[in-house]
Amino acid sequence: MSTSTRIMWFRQDLRVGDNPALRAAAMAGKVIPLFIQEDEDAGDLALGGASKVWLHHALCSLNQSLDGHLLVRAGPALPILEELIEATNAEGVYWNRCYEPWRMARDTEIKAVLKARGTHCESHNGNLLWEPWEVNKKDGTPYHVYTKFYRRGCLEAHAPRSPLPKPEELTFACEKQEASAIDELKLLPRRDWGETIGKSWEISEDGAHKRLSDFLEEGLHGYKDDRNYPRKPNVSRLSPYLHFGQISPHQVWAAVHHHDIDRDADHFLSELGWREFSYNLLYNNPDLPSTNLQKKFDAFPWREDQTALKAWKKGLTGFPVVDAGMRELWQTGYMHNRLRMVVGSFLVKNLMLDWRLGERHFWNCLFDADLANNSAGWQWIAGCGADAAPYFRIFNPILQGEKFDPDGTYTRHYVPELAHMPDKFLFRPWEAPELVLKEAGVTLGETYPKPIVDVKASRERALEAFKSLSEGTS
DNA sequence: AGGTCGTTAGA
DNA sequence: CTAACGACC
C-alpha cells in the first residue's frame, strides 16, 4: 500500500460497510476520516433539531467504528479542507455524493478549487441505486410519473450494484481524537427532549442492520397491506438510517433479494423506488423544496392562521388521529407513513395552510428529515407535485382513524386523555353523548380540544379553492 | 396512497 | 335496509 495520505470526507454516509469512497481512500493510502458540520454552508437548510440529535449519536458511533480517529470540524467546507490538506500533505479527498442542490453546487466548486491546486478528488455513489442523471425517458427528459420512472426507467436500466465489503485494511494518518470533539459540535439540545426522543432507537451502523433484519423477519411478510396500520410492525423504520447513510440502499436491496421477491418484497422495494424518484425530482427541480411543481398552484389562496398552525404542531386539533400522529412526531422524532399522509392532508386541505409550513415543521422534528423525500412528500400530499395525489383526494380524519387504527391502540397511546373513550366515538369525540364522555373522563374544550374545523365544511372549502385554480397546463 | 353520493343487487 | 359498485369531485 502507498504511504500517501487520503482524506475521507464523511457526509451522509456515516458507515464503514458498503462505503465506496472510504474503500477507495483506504486502498490508496493512509486515511484521515473527516466530518464537517456544514450548517454554515447550508444556510436556510441547516439541520433541524431532531436531525442534530441523531447526528450526534451517529457520529459517536462512527467514531467508535474508526477506533476514535474521526476528525470533527464545523464551518464552511472548502477552507476547512484546504487547511487540512495543507497541514497533513494529503494527496487526495474522497467522498460519496450528496444531492441537495446547495451541496452539489458547493461540491463542484470544491472539486474545481482542489484540483486546481493539484489535490486529487474522487466522488462516488454511496447513496442512490440509480444516479438521478441516468434515469430519463427515451427522449432524454425526466419522468413525471412514478410507476414509469421506477418500472421502466430504473428496473429496466440495470440492477443496482452489490454492496461492497468493509475496507480490508484501514490505516489512519492521524492520531486518535479527543472524545469530547463531537460534544463540542453542541448538537444535543439542553432540555431532556434530546434524550427521551431517541430512546427507542439504536443509532449506529449495527443498529441499522439490526433494524433491517428485524424488519425482514417480522415485518416484510404482509408488508403490502399491513404497512398502513400504525400499530403493526410492518414498516421498516429505516428512513433515518438511510438518510444518514448508516445503511445504504444497496445493502437493503441486496438483503431483500435474499428472500423471495413476492408481492410484499416487491412493494417494499418500490418504496426504495420512491426514494429514488424523490431524488430524481429534486435533481431536476432544484426549487422543489420551495416551489410548486405545478405552476397553477402558485395562485392557490392559502390561509394565514397561526392559531390553527400551532394547534396542528402541538397535536391539539381536536381530531384524535391527527393529534396522535403529531404527538408521535414530537415525542419520537418519527411518524408512521400513514399518519404523515393524514396529518399532511389535514394541514393542507382541511386547514388550508401552505404545505411549506408543514414541510418546515417536519424538517425540524423528523429524525429522517431529508430534503428530497420531505419536499417531494409534501408536494405529493398537497397535490402540486409530480404524480401527486389529485387535489380532490382529501383524507377524512375520522374515517382514516377508524380504518387504520380500528381498535384505537395507536391513537390512545399518543392521546392518553382519550384512553377510555369507546371505539365508537374515539375518532369523533364531539359526537359522543354526554354520558359517554363523562364515563370516559373527557370534557371537550378542557381535557381534550373541540375540533378546530368542521370536516365537511373545510373539505368543501378546499375543493372550492382548488377548483378556482386555472385549469391551464401543469 | 380517498371520500361522497347515487344506484343497484341482494338479505 | 345494507353492502357493493361506479361516477364524480
Side-chain angles (χ1 to χ4, degrees), chain A residues 143-151 219 222-232 234-237 239 263-278 281 293-294 296-297 300-301 319-322 324-325 328 335-352 355 358-359 362 368 372-406 410 424 427-428 431 451 453-472:
Chain A
Y143 285 97
H144 295 292
V145 177
Y146 167 72
T147 312
K148 288 267 162 63
F149 165 84
Y150 179 61
R151 299 282 165 200
Y223 177 79
K224 189 173 167 56
D225 300 320
D226 291 345
R227 62 193 286 273
N228 283 310
Y229 296 84
R231 67 176 181 77
K232 294 191 180 183
N234 298 88
V235 290
S236 76
R237 295 179 173 260
S239 51
R263 68 196 281 272
D264 291 321
D266 189 63
H267 198 93
F268 177 63
L269 292 175
S270 82
E271 296 299 320
L272 288 177
W274 273 100
R275 178 176 178 274
E276 301 285 320
F277 187 50
S278 298
L281 288 173
L293 220 44
Q294 296 180 41
K296 71 175 181 190
F297 277 79
F300 192 84
F319 290 90
V321 80
V322 173
E328 180 188 21
M335 196 193 305
H336 186 280
N337 185 250
R338 168 58 48 179
L339 277 298
R340 296 189 197 204
M341 296 190 286
V342 171
V343 304
S345 170
F346 187 79
L347 180 80
V348 169
K349 300 186 178 178
N350 297 102
L351 298 181
M352 240 170 86
W355 60 269
E359 179 193 31
F362 273 28
D368 62 39
N373 291 330
N374 196 37
S375 42
W378 276 99
Q379 293 231 25
W380 182 87
I381 195 67
C384 57
D387 200 11
Y391 73 81
F392 47 78
R393 191 180 288 167
I394 298 172
F395 287 50
N396 179 320
I398 303 159
L399 298 184
Q400 287 286 311
E402 289 172 346
K403 189 166 174 192
F404 294 109
D405 188 25
Y410 172 86
K424 188 176 174 195
F427 298 103
R428 47 179 112 210
E431 288 178 10
V453 285
D454 178 81
V455 175
K456 198 164 181 234
S458 61
R459 179 177 191 275
E460 281 162 10
R461 178 177 68 182
L463 286 172
E464 277 307 304
F466 282 111
K467 218 189 306 182
S468 77
L469 300 178
S470 76
E471 297 297 316

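To find a chain, count down the sequence lines: A is the first, B the second, and so on, and within it residues start at 1. Both backbone and side-chain heavy atoms feed into the values below; hydrogens, waters and symmetry mates do not. On a predicted model such as this, the values are computed, not experimentally measured, just so you know.
- Ring orientation note: the planes of Phe149(A) and Tyr143(A) are nearly perpendicular, at an angle over 60° on the 30°/60° scale.
- Counting to the nearest Å, the P atom of dG2(B) and the CG atom of Leu463(A) are 16 Å from each other.
- The CZ atom of Arg340(A) sits 14 Å away from the C1' atom of dA1(B) (whole-angstrom rounding).
- Listed by chain and residue number, nothing satisfies the side-chain hydrogen bond (donor to acceptor under 3.5 Å, both in side chains) test with Asp454(A) (two or more places apart in sequence, or in another chain).
- Between Arg393(A) and dC8(C), a side-chain N or O to OP1/OP2 separation shorter than 4.0 Å is absent.
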Provide a list of protein-nucleic acid N or O atom pairs under 3.5 angstrom, restricted to nucleotides 3-5 of chain B.
unit_1	atom_1	unit_2	atom_2	d
dG3(B)	OP1	Asn396(A)	N	3.3
dG3(B)	OP1	Gln400(A)	NE2	3.1
dT4(B)	OP1	Asn396(A)	ND2	3.2

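- The salt bridge (charged side-chain N to carboxylate O under 4.0 Å, His left out) check on Asp387(A) picks up nothing, with sequence neighbours excluded.
- Every residue two or more places apart in sequence or in another chain was checked for a salt bridge (charged side-chain N to carboxylate O under 4.0 Å, His left out) with Arg275(A), and none qualifies.
- Between the CZ atom of Phe466(A) and the P atom of dG2(B) there is a distance of 17 Å, given to the nearest Å.
- With sequence neighbours excluded, the residues that form a salt bridge (charged side-chain N to carboxylate O under 4.0 Å, His left out) with Glu402(A) are Arg428(A).
- Scored by the ring-ring contact (aromatic ring centres under 6.0 Å, His included) test, Tyr229(A) finds Phe404(A) as partners (sequence neighbours excluded).
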